[in-house]
There are 2 protein chains.
Amino acid sequence: MGITKAAYFTDAQNELADIAKALGNPARIAILDHLAKVNSCICGDLVTELPLAQATISQHLKELKNAKLIKGNIDGNAVCYCINHEVFNKFKAYLNIFSNANDNANTCCP
Amino acid sequence: MGITKAAYFTDAQNELADIAKALGNPARIAILDHLAKVNSCICGDLVTELPLAQATISQHLKELKNAKLIKGNIDGNAVCYCINHEVFNKFKAYLNIFSNANDNANTCCP
DNA sequence: TTTATATATCGCAATATTACGATATGCTTT
DNA sequence: AAAGCATATCGTAATATTGCGATATATAAA
């Protein structure tokens with residue numbers, strides 16, 4: 001992406017941006033949607049489920065794992081993936097800083 | 001980014017990915033952090049606050065506005081920006097599909 | 001009306017992301 | 001040991017993002 005000035009921002013800001021970036025792709029959302037539905041599955045299941053090549057799915061799984069949004073456990077010669085609830089909850093907690101359910105007011109000047 | 005196969009995914013998946021993508025940059029998180037703190041401010045305030053050029057801040061504001069995460073109101077010769085709480089709440093509601101606070105179990109196979 | 005202030009847009013260079021075929025790695029079964 | 005299955009990694013082409021200086025646009029003040 002060009003020069004991202006991560007050094008100029010706080011650790012919390014960079015960490016939140018990294019999680020959001022991992023969520024910022026429809027294929028990865030589709031992977032998470034499927035994981036939420038079936039609780040856990042292997043890479044091959046997702047290759048069947050989604051219109052993407054095996055290499056592409058594997059790459060997306062790697063990015064979700066780097067962001068710690070999912071966990072992967074070796075299961076024979078396959079890898080079983082599932083959602084990492086702790087990181088999702090942490091992410092949602094940070095989002096509450098920006099806006100919480102009670103706060104519906106339009107605070108713009110006009 | 002190369003070929004993003006948005007057409008292969010649902011509207012909801014693409015919409016969520018677009019919002020997350022807008023959140024996926026530390027400068028934009030810093031902008032939202034500042035907006036959450038001061039409620040509303042103009043572009044020039046952010047230029048003072050953040051270590052980025054005016055053109056860069058303006059571009060980030062545009063992307064946050066495209067994702068509807070913020071609103072902008074013309075105020076004299078300036079533009080007053082504030083957080084759009086409805087979109088944040090919608091985003092958080094979608095995240096609950098993946099994980100909710102009660103759901104802390106590790107559901108991986110091993 | 002000229003000048004200042006505030007923001008947006010253009011054009012560019014540097015870098016990141018996405019997707020895939022080919023291939024490597026590593027377990028299982030035969 | 002050999003063959004098969006499952007996943008990861010490499011290399012590459014196409015495209016997107018980031019950041020900025022320069023410049024355009026529009027309102028406000030002098």
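Per chain, numbering begins at 1; letters A, B, ... match sequence-line order.
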| said: Using every non-hydrogen atom in the two residues, find where B:Pro26 and A:Ala17 come nearest and quote the distance to one decimal. | reply: N-CB, 3.4 Å
| request: Rounded off to whole Å, could you give me the CG-to-C1' distance for the A:Leu46 and D:dA6 pair? | output: 13 Å
| said: Whole angstroms only, please: what is the CZ-P distance between A:Phe9 and D:dG19? | reply: 7 Å
| field | Whole angstrom value for the distance that separates P of C:dT18 from CG of A:Leu23 | value | 12 Å
| query | Can you name the closest pair of heavy atoms from B:Phe98 and A:His85 and give their distance? | reply | O-CE1, 3.8 Å
| query | Are any of A:Tyr81's side-chain N or O atoms less than 4.0 Å away from OP1 or OP2 of D:dA8? | reply | yes
| Expressed in angstrom and rounded to an integer, what is the separation of B:Glu63 atom CD from D:dT18 atom C1'? | 9 Å
| query | In residues 53-60 of chain A, what residues come within less than 4.0 Å of DNA chain D, judged by heavy atoms? | reply | A:Gln54, A:Ala55, A:Ser58
| request: Whole angstrom is fine here: how far is it from CD1 in B:Ile42 over to C1' in D:dT27? | output: 13 Å
Distances for protein N or O near nucleotides 25-30 of chain C N or O, under 3.5 Å:
none

| said: Tell me the interatomic distance from B:Ile31, atom CD1, to D:dT18, atom P, rounded to whole angstroms. | reply: 11 Å
| message | For a quick check under 3.5 Å, do A:Tyr81 and A:Asp75 share a side-chain donor-acceptor pair by atom type? | response | no
| query | Just how far, in rounded Å, is C1' of D:dT7 from CD1 of A:Ile70? | reply | 13 Å
| query | Is any side-chain heavy atom of B:Leu95 less than 4.5 Å from a side-chain heavy atom of A:Leu95? | reply | yes
| Hey, is the side chain of B:Asn25 poking within less than 4.0 Å of OP1 or OP2 on D:dT18, counting only N and O atoms? | yes
| Do you know the tightest heavy-atom contact between A:Cys82 and A:Leu35? | CA-CD2, 4.1 Å
When the side chains of residues 46-69 of chain A are checked against the rest of the protein, which donor-acceptor pairs come out under 3.5 Å, sequence neighbours left out?
unit_1: A:Thr48; atom_1: OG1; unit_2: A:Gly44; atom_2: O; d: 3.1
unit_1: A:His60; atom_1: ND1; unit_2: A:Arg28; atom_2: NH1; d: 3.0
unit_1: A:Glu63; atom_1: OE1; unit_2: A:Arg28; atom_2: NH1; d: 3.2

| query | Is the closest side-chain donor-acceptor distance between B:Tyr94 and A:Asp33 under 3.5 Å? | reply | yes
| query | Any donor and acceptor pair, going by atom type alone, linking the side chain of B:Lys92 with main-chain N or O of A:Ser99 inside 3.5 Å? | reply | yes
| query | Taking atom C1' of D:dT7 as reference, at what distance in whole Å does atom NZ of A:Lys65 sit? | reply | 11 Å
| Least distance between heavy atoms, B:His34 atom then B:Cys41 atom | CD2-SG, 3.8 Å
